[in-house]
Amino acid sequence: MAHFAEIDGSNKVTRVIVVGNADTADASGNEKEYIGAAFCERLFGGTWKQTSYNSNFRVRYAGVGYEWHDDLNSSGNPSGAFVAPKPYASWVLDKSKAEYVAPTPPGAAPTLTDAQTKAGNTYTWSETNYNSDPTTAWVLV
């Protein structure tokens with residue numbers, strides 16, 4: 001089975017479907033993305049990109065609301081990447097990871113101490129704090 005994501009005009013994933021192997025294979029039985037994409041287009045219209053359930057290509061499995069970036073993962077086969085939705089307005093796209101990360105400052109969340117880990121604490125992002133003082137964006141909860 002192969003998985004295909006429909007991409008709208010804003011490069012957002014609108015749905016992900018499963019396509020049978022016979023509908024993605026050439027005459028020799030080799031899976032080809034363009035054959036599966038054409039099959040999806042005939043059935044539903046739109047633009048389709050193959051996605052890997054096991055994240056073997058295109059960085060990660062696509063989900064509804066994800067973004068399609070054909071300019072990322074250029075060394076991948078096939079190229080392009082699916083990026084999870086931007087979690088906060090201030091976060092920026094790290095093109096090397098194909099994911100949104102906290103801006104600098106403050107950067108990544110602080111490392112939890114052993115005591116904090118044992119207590120079940122985590123850090124969460126506060127966009128309100130970030131907007132007033134970026135150094136206070138990560139909040140221990």
Side-chain angles (χ1 to χ4, degrees), residues 1-26 28-141:
M1 300 306 237
H3 299 84
F4 284 82
E6 184 177 25
I7 311 301
D8 70 12
S10 300
N11 288 327
K12 297 282 188 201
V13 175
T14 57
R15 61 179 154 174
V16 180
I17 63 170
V18 178
V19 177
N21 292 340
D23 298 312
T24 64
D26 62 16
S28 300
N30 299 311
E31 182 180 292
K32 303 287 183 183
E33 178 182 21
Y34 73 90
I35 294 172
F39 173 79
C40 295
E41 289 169 16
R42 279 192 308 276
L43 285 179
F44 307 110
T47 301
W48 296 83
K49 298 289 181 185
Q50 191 169 9
T51 185
S52 172
Y53 186 76
N54 297 318
S55 300
N56 291 331
F57 56 87
R58 298 204 162 132
V59 183
R60 66 188 51 82
Y61 184 69
V64 172
Y66 279 42
E67 301 170 359
W68 166 248
H69 291 262
D70 61 0
D71 61 333
L72 299 181
N73 188 36
S74 60
S75 62
N77 187 14
S79 65
F82 292 102
V83 177
K86 188 175 187 175
Y88 303 99
S90 62
W91 284 37
V92 294
L93 182 62
D94 180 336
K95 291 185 176 188
S96 67
K97 297 178 182 178
E99 67 182 30
Y100 286 100
V101 297
T104 302
T111 303
L112 293 167
T113 66
D114 288 340
Q116 291 168 332
T117 301
K118 286 179 184 175
N121 293 120
T122 61
Y123 280 100
T124 188
W125 183 263
S126 170
E127 191 75 2
T128 302
N129 286 10
Y130 174 77
N131 289 327
S132 62
D133 178 2
T135 63
T136 64
W138 289 109
V139 178
L140 184 67
V141 292

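Checked against salt bridge (Lys or Arg N to Asp or Glu O under 4.0 Å), E127 has no partners two or more places apart in sequence or in another chain. Residues forming a salt bridge (Lys or Arg N to Asp or Glu O under 4.0 Å) with K86 (at least two apart in sequence, or on another chain): none.
To the nearest 0.5 angstrom, Y34 atom OH is 15.5 Å from F39 atom CZ. How far CG of L72 is from CZ of F82: 11.5 Å, rounded to the nearest 0.5 Å. We find the NZ-SG distance between K49 and C40 to be 12.0 Å, quoted to the nearest 0.5 Å. Here OG1 of T14 is found 3.5 Å from CD of E6. Values are rounded to the nearest 0.5 Å. Put simply, CZ on F4 and OG1 on T47 are 13.0 Å apart, with the number rounded to the nearest 0.5 Å. Taken to the nearest 0.5 Å, the CD atom of E99 stands 9.0 Å off from the CH2 atom of W91.
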Quick one, L93 with H69, criterion side chain to side chain contact (heavy atoms under 4.5 Å, CB included). Give me CA distance, side-chain angles, the key distance, then yes/no.
CA-CA 11 Å; L93 182 62; H69 291 262; 3.8 Å; yes
Does the pair L112 and Y123 meet the rule for a side chain to side chain contact (heavy atoms under 4.5 Å, CB included), with working shown?
CA-CA 8 Å; L112 293 167; Y123 280 100; 3.5 Å; yes
Derivation of the side chain to side chain contact (heavy atoms under 4.5 Å, CB included) call for E31 and T24
CA-CA 5 Å; E31 182 180 292; T24 64; 3.5 Å; yes
Begin with the C-alpha distance, continue with both residues' side-chain angles, and end with the deciding distance and a verdict on side chain to side chain contact (heavy atoms under 4.5 Å, CB included) for Y100 and V83.
CA-CA 8 Å; Y100 286 100; V83 177; 3.7 Å; yes
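Within the 3.5 Å criterion, the main-chain N or O of N121 finds no donor-acceptor partner in the side chain of Q116. Using modelled atom types, no side-chain atom of R15 and backbone atom of A5 make a donor-acceptor pair closer than 3.5 Å. Side-chain atoms of W48 come within 3.5 Å of backbone N or O of G45 as a donor-acceptor pair. At distances below 3.5 Å, not a single donor-acceptor pair connects side-chain atoms of N54 with backbone N or O atoms of N56. Using a distance-only test at 3.5 Å, with no hydrogens or angles considered, a donor-acceptor pair links the side chain of N73 to the main chain of G80.
Of all the heavy atoms in N129 and A137, the pair that sits closest is CB-CA, 4.0 Å. Shortest non-hydrogen contact noted between V19 and D23 is CG1-CB, 3.6 Å. Summarising the geometry of N21 relative to A2, their closest heavy-atom pair is OD1-N, 4.1 Å, with the distance given to 0.1 Å. A98 and A81 get closest at one heavy-atom pair: CB-CB, 4.0 Å. Between P78 and R58, the shortest heavy-atom contact is CB-NH2, 3.3 Å. Contact between W125 and A102 at its shortest, heavy atoms only, is CZ3-CB, 3.7 Å.
Evaluation of the salt bridge (Lys or Arg N to Asp or Glu O under 4.0 Å) test over residues 64-85, restricted to residues two or more places apart or in two chains, returns K12-E67.
Both the sub-6.0 Å distance and the 45° axial angle are not jointly satisfied by R60 relative to the ring of Y66.
Ring geometry, Y61 versus Y53: the interplanar angle exceeds 60°, so the pair is classed perpendicular (tilted spans 30 to 60°).
Remark: the D94 side chain and the S96 side chain contain an N/O donor-acceptor pair separated by less than 3.5 Å.
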